[in-house]
Amino acid sequence: MSKDTIILGIETSCDETSVAVVKNGREVLSNVISSQIESHKRFGGVVPEIASRHHVEQITYIVEEAMAKADIQVEDVDGIAVTEGPGLVGALLVGVNASKALAFAWDKPLIGVHHIAGHIYANHIVEELDFPLLSLVVSGGHTELIYMKEHASYEVIGETRDDAVGEAYDKVARTLGLPYPGGPHIDRLAHEGKPVIDLPRAWLEEGSYDFSFSGLKSAVINTLHNAKQRGEEWSKEDIAASFQASVVDVLVTKAMRAAEDKKVDRLVLAGGVAANKGLRAELTEACGKAGLKLTVPPLELCTDNAAMIASAGTFLYWNGNFADDRLNGQAGLLLK
Amino acid sequence: MNILAVDTASYVMGVALLKDGNPLGEIVTHQKKNHSVRLMPAIRTLFSETDMKPGDLDRIVVSEGPGSYTGVRIGVTTAKTMAWALNIPVIGVSSMEMLAQNARHFQGVISPFFDARRGQVFTGLYRSEGGRIIQEEEDRITMHKDWLQLLKEKEEPVIFLSPDIGQHASLIKEELGEWATAASSIGNLPRPLELAAAGMDKAPGDSPHTFSPNYLRMAEAEAKWLKANKKNKED
Ligand SMILES: [Zn+2]
């Protein structure tokens, strides 16, 4: 009889302190998420120093709660997986140093996980991944197309050259006077409006899978400004719908083209912006037409959480890919 | 009592072990290098060199600040998480009180400090009484010039201890003249065995869960926000 693998995952890369217990990479025994969003709202964005302070205050409570909810003992834990980057360095350091302390105190192996790998593996919790596959990663800090030929192997084939999708959403939301975080508000308004404004789509050079959203963001601001000078006004709903149509068009078109070029038959969506209903709908339709299998994680696995880190970490554990005591938090860690 | 002491509040990094209340060993470096990368290797090395195991510990003592926010957080996160994992208490000692231990034999007042940029220092005032260090003025962040003025009014000898002494020495001399005493180069450096000893007699708090650094200062964004909102209310 083969033994189960139980990994304790820890994620503190931004403003959620999260700890999870995952069995065999897929079965979530617990996934506790303590969000600091209320603390950062009044600043209109995440303040790194405040995020770091919250993580220190929360970390042991959340570990305790995750283990209690999973109903496991220290002896049951096979390894400790932690997000080592990318993210806010001060925030990452809390998770990394707490994980090293646990690994030392309990004599367990330590595993460093790339945050984006975690987002991709949120899909593995939903449905067993098969390869090769293509992942579209969309979040506040990332917009990437990643090709995977097997587990724990990543090839970044396209990425944003300026703003990440989530960043563009937040900036446009601010222009429209919507509260932080703006993504969900724009998504909601977009469904009430019509994409009547013709906003640009940055296709970049022929064949490129890269993205660019800063021009789109400026176009929205200019459109608003020009309308105001003429004494006209666009409805917020129509602006949101037009902006979202442009973003989704580029994301879906590039993802589908990459899927075809790379000859994959599975696409997985990952990252906080995967919660966007407009994007989900368009991608589902496009994949249906192209005969591609599509996995989209449920909302609670799209946003930052430790279950995804534990899941990705399980494959590193099985591969014997451990970190040592020198593991560090790295703001700009590359996915390899 | 078996104690692990951890200090990462300044660029000095120190870890020490006491066994049955006696010094067993310490590792200290005085270089500006990454605490996050180096702390756990130092802890593991010290345990293996002294044949100790994490399970042998009765408590963990840590310098709780003031000091570098990131530095203090690395030490405190490590200490509190390890203490929770081992089900033992974590004890915080002021990083100023820790440094003040170095002047146990000084007749007068003791002013340990860390540079806090833009002319400011983290500091506090201590005195040695019967070989024990007691606090005379609360730890604080202040303009160094203002602090030196306050010390001058005391009209008694002051010894200054700081790993950042170099950049402050001339100001101290200027403001306090003959009242100021300089520590030896070794006396300026926080020592983890002193931290362990200082934490031995202290009563632990409720639980490692509630233990967090003593920053002595709000996050800058928060301070600005409060200021702006107070102003809005007054307008
Ligand atoms: Zn994320």
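Hydrogens, waters and symmetry mates are skipped; everything else that's a heavy atom, side chains included, is used. Throughout, a chain's letter reflects where its sequence line sits, starting with A, and its residues are numbered from 1.
- Formation of a donor-acceptor pair under 3.5 Å by the A:Asn305 side chain with backbone atoms of A:Thr303 is found in this model.
- For chain B, the option among A:Gly95, A:Ser52, A:Gly90 with the highest count of heavy-atom pairs below 4.5 Å is A:Ser52.
- No other option in B:Lys224, B:Met82, B:Arg44 has as many heavy-atom pairs under 4.5 Å with chain A as B:Arg44.
- Looking only at heavy-atom pairs under 4.5 Å with chain A, the residue among B:Asn34, B:Thr78, B:Thr81, B:Leu39 that has the most is B:Thr81.
- For the pair B:Asp56 (side chain) and B:Lys53 (backbone), a donor-acceptor distance under 3.5 Å is present.
- Between the side chains of A:Asn328 and B:Ser36, a donor-acceptor pair is found at a separation under 3.5 Å.
- Between the side chains of B:Asp139 and B:Tyr126, at least one donor-acceptor pair of N or O atoms lies under 3.5 Å.
- For A:His115 and A:Asp304, the side-chain atoms include at least one donor-acceptor pair closer than 3.5 Å.
- With a threshold of 4.5 angstrom between heavy atoms, A:Leu327 approaches chain B through N, CA, C or O but not through any side-chain atom.
- Ranked by non-hydrogen atom pairs under 4.5 Å with chain B, the options A:Val94, A:Asp324, A:Thr60 are led by A:Thr60.
- Of the residues considered (B:Val76, B:Leu57, B:Ile74), B:Ile74 shows the highest number of contacts with chain A, using heavy-atom pairs under 4.5 Å.
- With chain B as partner, the option from A:Arg53, A:Glu49, A:Arg42, A:Gln58 having the largest number of non-hydrogen pairs under 4.5 angstrom is A:Arg53.
- Annotation: maximal heavy-atom pairing with chain A below 4.5 Å, among B:Ala85, B:Ser207, B:Ser212, occurs at B:Ala85.
- Between A:Lys217 and A:Asp162, no side-chain nitrogen of the basic residue sits less than 4.0 Å from a carboxylate oxygen of the acidic one, so the salt-bridge criterion is not met.
- Under the 3.5 Å distance criterion, with hydrogens and angles disregarded, no donor-acceptor pair is assigned to the side chains of A:His119 and A:Ser139.
- Side chains of B:Thr77 and A:Asn97: no donor on one and acceptor on the other come within 3.5 Å.
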(request) Would you check, one step at a time, whether the test side chain to side chain contact (heavy atoms under 4.5 Å, CB included) holds for A:Glu300 with A:Asn31? (result) CA-CA 9 Å; A:Glu300 70 273 16; A:Asn31 188 18; 5.6 Å; no
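- Interface remark: A:Val47 contributes side-chain atoms only to the contact with chain B (heavy atom separation under 4.5 Å).
- With a 4.5 angstrom heavy-atom cutoff, B:Thr210 touches chain A via backbone and side-chain atoms both.
- Interface remark: of the candidates A:Ala98, A:Gly329, A:Ala103, A:Ala98 forms the most heavy-atom pairs closer than 4.5 Å to chain B.
- Residue B:Pro208 touches chain A through its backbone alone, counting heavy-atom pairs closer than 4.5 Å.
- With a threshold of 4.5 angstrom between heavy atoms, B:Thr70 approaches chain A through side-chain atoms but not through N, CA, C or O.
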